[in-house]
Amino acid sequence: MKDSVRLPFLERIGNAVVSYGIYLRQMFYPAGLAIPYLNPPNGPPFWEIGLAFAVLAAISISVLACWKGRSYLLVGWLWYLGMLVPAIGIVQIIVLCPCGIAIPICRESG
């Protein structure tokens, strides 16, 4: 990537927080799916960053509050956050893998 295409670090962090929120929403309501997810020209709006951060913080606090009795929630939440690191945009990828990234999200139907 050329330096003119690289986003500033704070804009990438804001985009990462919003990306986590979008991935959470798409796990339960998969709409608006597309192959490329382009960054907004001036970064995501502050209200969107704040809302996504609040949701992530609420889930994290809830998981941490009950981790002793239900440690699988903490492991699952940290696994979910960690698996999305390559896809959320903090690290800008210079060369894309031709096979892409696939993260299966399983839920019990019933």
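Quick caveat, the model's predicted, so the values are computed rather than measured. All residue numbers refer to positions in the sequence shown, counting from 1.
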Original post:
Which residues satisfy the side-chain hydrogen bond (donor to acceptor under 3.5 Å, both in side chains) test with Ser62, sequence neighbours excluded?
Top reply: none
Original post:
What heavy-atom pair brings Pro44 and Ile49 nearest, and what distance separates the two atoms?
Top reply: O-CD1, 3.7 Å
**OP:** In sequence, state the C-alpha distance, the side-chain angles, and the governing distance for Tyr20 and Asn15, and then conclude on side chain to side chain contact (heavy atoms under 4.5 Å, CB included).
**Re:** CA-CA 9 Å; Tyr20 272 120; Asn15 185 55; over 6 Å; no
Subject >> Shortest non-hydrogen contact between Gly21 and Ala52, atoms and distance >> reply: CA-CB, 4.4 Å
Original post:
Would Val55 and Phe28 show up in the same hydrophobic cluster when neighbours are defined by side-chain heavy atoms closer than 4.5 Å?
Top reply: yes
Original post:
When hydrophobic residues are tied together by side-chain contacts of less than 4.5 Å, even through go-betweens, does Val85 share a cluster with Phe9?
Top reply: yes
Original post:
Does Phe53 share a hydrophobic cluster with Ile61, counting links as ILVMFWY side-chain heavy atoms below 4.5 Å and allowing steps through other members?
Top reply: no
Original post:
Is it the case that one hydrophobic cluster holds both Tyr72 and Met27, taking links as side-chain heavy atoms less than 4.5 Å apart, direct or via other members?
Top reply: yes
Original post:
Side chains of Leu24 and Ile59: closer than 4.5 Å at any heavy-atom pair?
Top reply: yes
Original post:
Does atom CZ of Arg70 have more than 12 heavy-atom neighbours, drawn from other residues, nucleotides or ligands, at distances under 6.0 Å?
Top reply: no
**OP:** Using a 4.5 Å cut-off on heavy atoms from C-beta on, say whether the side chain of Tyr80 contacts that of Val75.
**Re:** no
Original post:
How would you list, by chain and number, every residue that makes a side-chain contact (heavy atoms from CB on, under 4.5 Å) with Leu74, sequence neighbours excluded?
Top reply: Val63, Leu64, Trp67, Leu78
Original post:
With no hydrogens and no angle check, is any side-chain donor or acceptor of Tyr23 less than 3.5 Å from a backbone partner on Leu84?
Top reply: no
